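Below is one structure, written out as structure tokens; comments come after it.
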Protein chains: 2
Amino acid sequence: MKRTTIKDLSQYLSLSTSTISRALLNDVHIHPDTKKRVLEAAQKFNYKPNATALSLKYGKTNSIGFVVPEMITPFSAKVLQGVQNILYPLGYKVIILQSDEDPSRERENLLLLETFNVDGIILNLCHETFNQNLYIEIMQRGTPLVFFDRIPATSLDVSKVLVDDHIKASLMVEHLVRIGCRRIAHIMGPATVRNSAERASGYKRILTKHGIFDPELIIKTDGTMFEHGKMAVKKLFDKKIEFDGIFAFTDTEAIGAMNYLLEAGVKVPDEVAVASFSGTELSTNVFPQLSSVEQPLEKMGETAAELVLEKIKDDGAVSKSIVLNAELVYRASTLAKDKLKKQ
Amino acid sequence: MKRTTIKDLSQYLSLSTSTISRALLNDVHIHPDTKKRVLEAAQKFNYKPNATALSLKYGKTNSIGFVVPEMITPFSAKVLQGVQNILYPLGYKVIILQSDEDPSRERENLLLLETFNVDGIILNLCHETFNQNLYIEIMQRGTPLVFFDRIPATSLDVSKVLVDDHIKASLMVEHLVRIGCRRIAHIMGPATVRNSAERASGYKRILTKHGIFDPELIIKTDGTMFEHGKMAVKKLFDKKIEFDGIFAFTDTEAIGAMNYLLEAGVKVPDEVAVASFSGTELSTNVFPQLSSVEQPLEKMGETAAELVLEKIKDDGAVSKSIVLNAELVYRASTLAKDKLKKQ
DNA sequence: TATCTCTTTGGGAACGTTCCCGGATTTTGG
DNA sequence: CCAAAATCCGGGAACGTTCCCAAAGAGATA
């Protein structure tokens, strides 16, 4: 049950492969009758062009790689959605690889994509510097690389799409202060990505401004999942550090933290308000609903896809850094309160 | 900055492409010195074999398609994880496409994968019968198809991996009865997939056995997301139907329902117990934690990948239906209670 | 009628790789 | 020392497609 090829058609119709090809490609140099015969035969035998052969001929595979630290949370899934919105209608396929927050796994993934001959790569990195040289090499070897969310050192000349972590974090922390929090803890992201530092610096700036900064309130984590949020709160409890608000690096961490609080009998937001930084629907699908910086994730994916297409079309295209706006949405987890004494 | 090919190396070393190829492939018919020279040159110019050329030559692309109704919830992501556990080490790439619960989109996806020449397809369908003929055609044209979770009509001779929906649903509903629920609502899955009917029949069987079945308590939905769970509870409220337990088709629906209840001031599990059918980490990352039928999703993906590999190796391989076990895990959302009067 | 142009078709190289086949050289065995 | 065998290498086809080039035939023009 082999797939029919142009050669099959040429034998069936006693024509050359050239003629078949011309008929299929709407070439003008062909007799209408011949064209009709070819098209009918193609229909009859369900001819479909062999994409692999075309890839070989034209040196492009019409595929792009999408490399993310994980695919379990809706974060990457939302971005992917945007990427596919753009790429799918153009006939591109997307190959997805997960790095499991492991830079050496990320390295393998990138090299694998290179052997796959992808036309471009969209990447959310898992370590700011570890693979920096590899990024440069890959781009030099001709595969465009576009970053989103977690980006490499600014010295690298690459296209990227991001939000202003510092500003948006500041605004959300400011909100926590406004509703009456005075001991705001920060569940900080992994030290290996710059967003962690950016958001933490926004947090620190606001608290310092109000004279309520306390380094004890920063809990460092080495991941971004539910359990990391839980562990962070556990640490605060263990160290008997008092707090009445939490600003978390991601919504998964915020939710992990919140559930841990609820299970410990702590009321949210009455005793502890919780806010996060994200953009997935998780924030509206918990109780109480979560205040968060809503990044336009789908838009982020679309933008990244457009940037990589630009680079594919013209490999000399100037690199762009696109900063998307993120919206602050205040929900039940940070309801204004006449502060009650906690714990 | 073109990639180096065997031809480049052959010119550089004044050898034929045959010899280069032999050296690279560890052929025995080659002089050790020659081999050494070639390997060094390959290293020097960072030679990497062109996967596209190999695909063309061998008629296989070393890629498999993964088609799912959606990728936003962790469900598909967990299965994908399993798929990649098996396929990644073997050098296969996975191409992921989302059907958005739309059968005609699913159709497009399958046809696209066919033009991509994937070696096999792993599919979670979104309509039991709509694309049945297409499945048959695709398999006849030589691309093996393996199903998981939502499977086609049993008359179709295909490999598939699933759990026993009826039994497991029965057991979970039995548990709800055991803890004291008497008015158990069922948030039923989409009518277009057989799992919905299977789980609903388990539900119905148990309630009938206990003489507490009431058709009013079945709420049909046309999706499996948070919002469908919410809408279902809203319907129950609107119709003023009393209930003290919920068995939901998925954990996302269960969580949507639970949050809606909590926001309405209904206590879970005190007034309404909630149970679901799933296997993602969402069930342990809500408050209260959710009792659910935990499907071994990663295992499911691994099994599906193995099945598709079998079919790739030998297209006459006999089709298998593998039924995986699912574990019932009881958590806080169905704590045994001395029933209080509700609402 | 001879030449020119236009239309339609076929031949074949190219993309990068493997592998079969045959040829040249060296080694082995009697 | 000569034949046979082993070792090593190059040529070229094949995978499926496009596209350049050439050729054949028809029609047009002088």
Side-chain angles (χ1 to χ4, degrees), chain A residues 1-39 41-42 45-63 91 114-119 141-143, chain B residues 1-39 41-42 45-63 91 114-119 141-143:
Chain A
M1 217 40 161
K2 233 174 92 292
R3 285 179 46 171
T4 52
T5 70
I6 283 192
K7 194 185 281 181
D8 296 333
L9 294 179
S10 77
Q11 281 166 352
Y12 176 74
L13 295 171
S14 302
L15 287 169
S16 72
T17 58
S18 318
T19 305
I20 308 291
S21 175
R22 268 188 291 262
L24 262 14
L25 295 179
N26 287 318
D27 194 301
V28 288
H29 301 292
I30 191 169
H31 194 91
D33 293 351
T34 313
K35 181 168 172 178
K36 187 151 167 283
R37 283 176 63 217
V38 173
L39 259 31
F45 293 107
N46 191 34
Y47 170 79
K48 298 227 189 72
N50 184 320
T52 309
L54 294 178
S55 292
L56 180 59
K57 180 149 186 71
Y58 292 118
K60 66 191 302 276
T61 53
N62 277 314
S63 63
E114 219 183 357
T115 71
F116 286 167
N117 276 334
V118 293
D119 299 333
R141 289 199 286 260
T143 308
Chain B
M1 221 31 165
K2 230 174 93 293
R3 286 179 45 170
T4 51
T5 69
I6 283 193
K7 194 185 280 181
D8 296 333
L9 294 178
S10 77
Q11 281 167 352
Y12 175 73
L13 295 171
S14 301
L15 287 169
S16 72
T17 57
S18 318
T19 305
I20 308 290
S21 175
R22 270 189 289 262
L24 263 13
L25 295 179
N26 288 318
D27 193 302
V28 288
H29 301 292
I30 192 170
H31 194 90
D33 294 351
T34 314
K35 181 170 173 178
K36 188 151 167 284
R37 286 175 61 214
V38 173
L39 258 31
F45 292 107
N46 190 37
Y47 169 79
K48 299 227 187 73
N50 184 320
T52 309
L54 293 178
S55 292
L56 180 59
K57 181 150 186 68
Y58 291 119
K60 64 192 301 278
T61 53
N62 277 314
S63 63
E114 218 183 358
T115 71
F116 286 167
N117 275 334
V118 294
D119 299 333
R141 288 198 287 260
T143 308

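Just so it is clear: chains get the letters A, B, ... in the order the sequence lines come, proteins before strands, and each one is counted from 1. On a predicted model such as this, the values are computed, not experimentally measured, just so you know.
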Hey, does the side chain of Y58(B) come within less than 4.0 Å of dC19(C)'s phosphate (OP1/OP2), counting only N and O?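 The answer is yes; a side-chain N or O of Y58(B) sits under 4.0 Å from OP1 or OP2.
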
Quick one: is dT9(C) close enough that its OP1 or OP2 comes under 4.0 Å of any side-chain N or O from T34(A)?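 Result: yes.
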
Nearest-nucleotide 5' precedence on DNA chain C, T17(A) against H29(A):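 The residue whose closest nucleotide sits nearer the 5' end is H29(A).
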
Using atom types as modelled and distance alone, determine if a side-chain donor or acceptor of T17(A) lies under 3.5 Å from a backbone N or O of I6(A).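 Not a single qualifying donor-acceptor pair exists.
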
Within the 4.0 Å heavy-atom criterion, would you say S18(B) contacts the bases, only the backbone, or no part of the nucleic acid?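 Here S18(B) touches the bases of the nucleic acid.
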
Tell me whether the side-chain N or O atoms of R22(A) pair up with the base of dG10(C) as donor and acceptor below 3.5 Å, since no angle test is needed here.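 Check passes, donor-acceptor contact within cut-off.
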
Side-chain-base donor-acceptor pair under 3.5 Å for S16(A) and dG11(C):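 By the distance-only test, no, there is no pair.
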
Taking the side chain of [X] as its heavy atoms from C-beta onward, which of [options] lies nearest to it?
{"X": "K7(B)", "options": "dC8(D), dC15(C), dT18(C)", "answer": "dC15(C)"}
{"X": "K57(B)", "options": "dT17(D), dG16(C), dC9(D)", "answer": "dG16(C)"}
{"X": "T19(A)", "options": "dT18(C), dT8(C), dT9(C)", "answer": "dT9(C)"}
{"X": "L25(B)", "options": "dC9(D), dC19(C), dT9(C)", "answer": "dC19(C)"}
{"X": "I6(B)", "options": "dT18(D), dT17(C), dC9(D)", "answer": "dT17(C)"}
{"X": "L54(A)", "options": "dG10(C), dG16(D), dT18(D)", "answer": "dT18(D)"}

Quick check: on DNA chain D, is the nucleotide nearest H31(B) upstream (toward 5') of the one nearest P49(A), or the reverse? Name the residue that is more 5'.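 Looking at the nearest nucleotide for each, H31(B) comes out on the 5' side.
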
